[in-house]
Asker: 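Quick one: this structure, given as structure tokens, is what I'll be asking you about.
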Amino acid sequence: MKTPLEKNGIGIFGGTFDPIHNGHIQSAKMVSDWLGLANVLFIPAHIPPHKTQAHTIPHASATQRATMVSLACQPFPQFICDKRELTRSGHSYSVDTLKALKAEYPEQTLYFIIGMDSLLTFTQWHQYQDILTLCHLVVNTRPNYDISQVNQATKTLLENHQVDSVTILKQQKNGAIIFAPPVHFDISSTQIRANLCQQQCCKSSLSPLILDFINKNQLYR
Ligand code: ATP
């Protein structure tokens, strides 16, 4: 099993991954290269707290989603599928996961990688202020989600925490928010599920390993 070894910092990429797609992988790779991270941990959520409406409840089982994440990580030595949330009962709160990771890797700086859509709701997350005492936030741009859409609480958060350069980011152990270079990966799991349901091709959005797993297990039909 791959385990984090070096001390250049660890990227944390949480999600439902229903299914994991090239937007997840490519944006994580871009951030990992940009910040020179030792590893990125992909952490599939067991019960995502924000996905409770009928159309957002995961379609594939937690085990299937985790298997797809492991498959997607295989070609990248620095990517690791971390299944800790699957063994925890109840909601998968990021703050609990980050506390556990900080206790496990006290010497490492943690970089929590999220998309712009997640930043727009960040101030509604469970104990969001505590999250910034444990890690930095690295925000990726996403088509259709724009910084102009943030609420007042997030504006205040950015005024207090945003940094503009990697040099300043690296001087702190936690508490900074930085925007990654604006590269757009116009892919979402919702769109992929809709395409698969209509038997449309998803080859450009999914790794062949994932597509194969989806077909073999008759997912998203
Ligand atoms: P869904 O469409 O089902 O809501 P999703 O494609 O947004 O799924 P999630 O698993 O919910 O995928 O996302 C996990 C994390 O990855 C979130 O922080 C999200 O913002 C980010 N993310 C998802 N897709 C992209 C993308 N194309 N580019 C950058 N970040 C992304």
Side-chain angles (χ1 to χ4, degrees), residues 11-35 40-62 64-73 76 79 81-83 85-86 91-95 97-98 110-126 128 131-132 135-147 149-150 154 177-198 200 202 204-207 210 214 219-220:
I12 312 296
F13 203 127
T16 314
F17 303 125
D18 191 25
I20 188 163
H21 54 66
N22 291 343
H24 297 126
I25 293 294
Q26 286 166 9
S27 60
K29 177 81 172 57
M30 187 266 293
V31 168
S32 172
D33 292 347
W34 179 53
L35 298 178
V40 178
L41 304 186
F42 285 74
I43 308 186
H46 187 203
I47 307 174
H50 59 292
K51 295 198 173 179
T52 49
Q53 292 175 317
H55 68 284
T56 60
I57 292 171
H59 295 67
S61 72
Q64 286 171 326
R65 290 184 287 112
T67 302
M68 289 190 276
V69 172
S70 295
L71 288 170
C73 288
F76 303 91
F79 288 178
C81 175
D82 181 308
K83 297 181 184 164
E85 290 192 357
L86 304 190
H91 283 302
S92 306
Y93 290 119
S94 299
V95 69
T97 303
L98 288 160
L110 304 180
Y111 298 87
F112 190 24
I113 305 167
I114 61 172
M116 180 64 82
D117 56 314
S118 299
L119 180 70
L120 296 183
T121 61
F122 184 71
T123 55
Q124 291 148 36
W125 290 20
H126 185 57
Y128 75 92
I131 291 180
L132 284 167
C135 64
H136 294 311
L137 270 194
V138 183
V139 184
N140 279 314
T141 51
R142 248 190 120 171
N144 306 321
Y145 297 96
D146 189 84
I147 188 68
Q149 299 165 317
V150 296
T154 311
I177 303 177
I178 193 163
F179 288 90
V183 184
H184 289 293
F185 302 106
D186 194 1
I187 309 172
S188 74
S189 300
T190 303
Q191 189 57 53
I192 289 170
R193 290 193 301 271
N195 289 353
L196 288 168
C197 189
Q198 292 163 10
Q200 286 174 19
C202 287
S204 60
S205 311
L206 292 170
S207 118
I210 308 301
I214 288 171
L219 292 173
Y220 313 116

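Computed over heavy atoms, backbone and side chain alike; hydrogens, waters and symmetry mates excluded. Every number for a ligand or one of its atoms is a count from 1 in the order of the listing.
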Asker: Between Asp117 and ligand 1, which part of the residue brings a heavy atom under 4.0 Å of the ligand: side chain, backbone, both or neither?
Answerer: side chain
Asker: Can a donor-acceptor pair be found, under 3.5 Å and without considering hydrogens, that links the side chain of Asn22 to the backbone of Ser204?
Answerer: yes
Asker: If you measure from each non-hydrogen atom of Gln191 to ligand 1, which part falls under 4.0 Å: side chain, backbone, both or neither?
Answerer: neither
Asker: Return the OG to OH distance between Ser94 and Tyr128, rounded to the nearest 0.5 Å.
Answerer: 14.5 Å
Asker: With a 4.0 Å cut-off on heavy atoms, is Asp18 touching ligand 1?
Answerer: no
Asker: When you look at Phe112 and Leu110, which way does the side-chain contact (heavy atoms from CB on, under 4.5 Å) test go after all the steps?
Answerer: CA-CA 6 Å; Phe112 190 24; Leu110 304 180; over 6 Å; no
Asker: Taking only non-hydrogen atoms of Gly14, do any sit less than 4.0 angstrom from ligand 1?
Answerer: yes
Asker: Does some side-chain heavy atom of Ile178 sit less than 4.5 Å from a side-chain heavy atom of His136?
Answerer: no
Asker: By number and element, which atoms of ligand 1 are closer than 4.0 Å to a non-hydrogen atom of Ile114?
Answerer: 18 (O)
Asker: Could you tell me which non-hydrogen atom of Pro44 sits nearest to which non-hydrogen atom of Asp82, and how far apart they are?
Answerer: CD-O, 3.3 Å
Asker: Does ligand 1 have a heavy atom under 4.0 Å from the side chain of Ser27, from its backbone, from both, or from neither?
Answerer: side chain
Asker: Can you sort out which atoms of ligand 1 are near Phe17, meaning under 4.0 Å from one of its heavy atoms?
Answerer: 10 (O)
Asker: Can you tell me if His184 has a non-hydrogen atom under 4.0 Å from ligand 1?
Answerer: no
Asker: Quick check on contacts: which atoms of ligand 1 are under 4.0 angstrom from a heavy atom of Ser118?
Answerer: 17 (C), 18 (O), 19 (C), 20 (O)
Asker: Any chance you could lay out the side-chain contact (heavy atoms from CB on, under 4.5 Å) test for Val31 and Phe13, step after step, and finish with the verdict?
Answerer: CA-CA 11 Å; Val31 168; Phe13 203 127; over 6 Å; no
Asker: What I want to know is whether Ile113 and ligand 1 share at least one N or O pair that is separated by under 3.5 angstrom.
Answerer: no
Asker: Indicate whether any N or O donor in one side chain lies under 3.5 Å from an N or O acceptor in the other, for Tyr220 and Asn195.
Answerer: no
Asker: Would you call the rings of His21 and His24 parallel, tilted or perpendicular, where under 30° means parallel and over 60° means perpendicular?
Answerer: parallel
Asker: Can you confirm, on distance only, whether ligand 1 has an N/O atom lying under 3.5 Å from any N/O atom belonging to Ser189?
Answerer: yes
Asker: Would Gly15 count as a polar contact of ligand 1, with the cut-off being nitrogen or oxygen pairs under 3.5 Å?
Answerer: no
Asker: Provide the number and element of each atom of ligand 1 under 4.0 Å from a heavy atom of Phe13.
Answerer: 15 (C), 16 (O)
Asker: Run Ile214 and Met68 through side-chain contact (heavy atoms from CB on, under 4.5 Å) and show every step you take.
Answerer: CA-CA 9 Å; Ile214 288 171; Met68 289 190 276; 3.9 Å; yes
Asker: Report yes if the side chains of Ser207 and Leu71 come closer than 4.5 Å at any heavy-atom pair, otherwise no.
Answerer: no
Asker: What do we get for Arg193 next to ligand 1 when only non-hydrogen atoms under 4.0 Å count, side chain, backbone, both or neither?
Answerer: side chain
Asker: Test your reading of the structure: does Gly115 have an N or O sitting under 3.5 Å from an N or O of ligand 1?
Answerer: yes
Asker: Could you tell me, atom by atom, which parts of ligand 1 come under 4.0 Å of a heavy atom of Thr190?
Answerer: 1 (P), 2 (O), 3 (O), 4 (O)
Asker: Is there any N or O on Asn140 that sits under 3.5 Å from an N or O of ligand 1?
Answerer: no
Asker: Determine, step by step, whether Ile114 and Trp125 satisfy the side-chain contact (heavy atoms from CB on, under 4.5 Å) criterion, reporting the C-alpha distance in whole Å, the side-chain angles of both residues, the deciding distance to 0.1 Å, and the verdict.
Answerer: CA-CA 13 Å; Ile114 61 172; Trp125 290 20; 4.2 Å; yes
Asker: Between Ile187 and ligand 1, is there a nitrogen or oxygen pair with a distance under 3.5 Å?
Answerer: yes
